[in-house]
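Have a look at the structure below, then the notes.
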Amino acid sequence: MATPDINTYDFLINDEDEVMLLLYVHEGEPHDSSIELDINNKSAILHRTPTDEVYLDGIPDDVLDSIQESDKLLVCELSVEKEDKDTKIVYAYEADITD
């Protein structure tokens, strides 16, 4: 299996219309996290820390609709493993949603 692109991410929406962002772990522990939405450009900037940002583009409309209904976004950063079955959650945290 090829090493995954560290910049790959995905969104999940549960039955309660809550959104979760899944991405591969970045260096350093996240703190004081927020996500800044740009609805018009279907993008966002995840501020993992005050100095570390992750740019997210091409966000689907259904995700944007669900995010706008919330104050916080659950973020899960996953380990990079050779086998998908070995992947673990390294960090799980809430990011304040701003626009």
* Asked: So, the side chain of Ser33 versus the backbone of Arg48: is there a donor-acceptor pair under 3.5 Å, distance only?
  -> yes
* To the nearest 0.5 angstrom, please state how far the CD1 atom of Ile59 sits from the CG atom of Leu37. => 6.5 Å
* To do: Show your working on side chain to side chain contact (heavy atoms under 4.5 Å, CB included) between Tyr55 and Ser43 and close with a plain yes or no.
  => CA-CA 8 Å; Tyr55 181 73; Ser43 64; 3.5 Å; yes
* Residue pair His31, Tyr93: steps toward the side chain to side chain contact (heavy atoms under 4.5 Å, CB included) verdict -> CA-CA 8 Å; His31 62 88; Tyr93 54 96; over 6 Å; no
* Structure fact -> When Asn14, Leu73, Ile13 are each screened for side chain to side chain contact (heavy atoms under 4.5 Å, CB included) with Ser66, the one that passes is Ile13
* Taking all atoms of both residues into account, what is the closest heavy-atom pair of Ile89 and Cys76, and its distance? -> CD1-SG, 4.3 Å
* About how many Å separate CD1 of Ile97 and CD of Glu36, when rounded to the nearest 0.5 Å? -> 12.5 Å
* Asked: Would you call Met20 and Phe11 a side-chain contact if the rule is heavy atoms closer than 4.5 Å?
  -> no
* Asked: Does the pair Ile35 and Leu56 meet the rule for a side chain to side chain contact (heavy atoms under 4.5 Å, CB included), with working shown?
  -> CA-CA 10 Å; Ile35 186 162; Leu56 311 168; 3.9 Å; yes
* Asked: Within a reach of under 6.0 Å around CD1 of Ile39, are more than 12 heavy atoms found that belong to other residues, nucleotides or ligands?
  -> yes
* Asked: What is the distance from atom CG of Leu78 to atom CG of Leu22, rounded to the nearest 0.5 Å?
  -> 5.5 Å
* Passes side chain to side chain contact (heavy atoms under 4.5 Å, CB included), Val75 versus Leu23? Steps please. -> CA-CA 8 Å; Val75 180; Leu23 67 157; 3.5 Å; yes
* Hphob cluster co-occupancy, Val90 + Tyr9, side-chain heavy atoms under 4.5 angstrom -> yes
* **Electrostatic pair Glu81-Lys88, nearest N-O below 4.0 angstrom** => no
* Begin from the C-alpha positions of Lys42 and Asp57 and carry the test salt bridge (Lys or Arg N to Asp or Glu O under 4.0 Å) through to its verdict. => CA-CA 6 Å; Lys42 298 183 180 183; Asp57 65 346; over 6 Å; no
* Structure fact -> Here the gap from His26 atom NE2 to Leu46 atom CG, rounded to the nearest 0.5 Å, amounts to 8.0 Å
* Would you call Ile67 and Ser70 a side-chain contact if the rule is heavy atoms closer than 4.5 Å? -> no
* **Distance, nearest 0.5 Å, that separates CD of Glu94 from OG of Ser34** => 13.0 Å
* Are Ile45 and Leu21 linked, directly or through other ILVMFWY residues, by side chains that come within less than 4.5 angstrom of each other? -> no
* Could you give the distance from CG (Asn41) to CG (Leu64), rounded to the nearest 0.5 Å? -> 10.5 Å
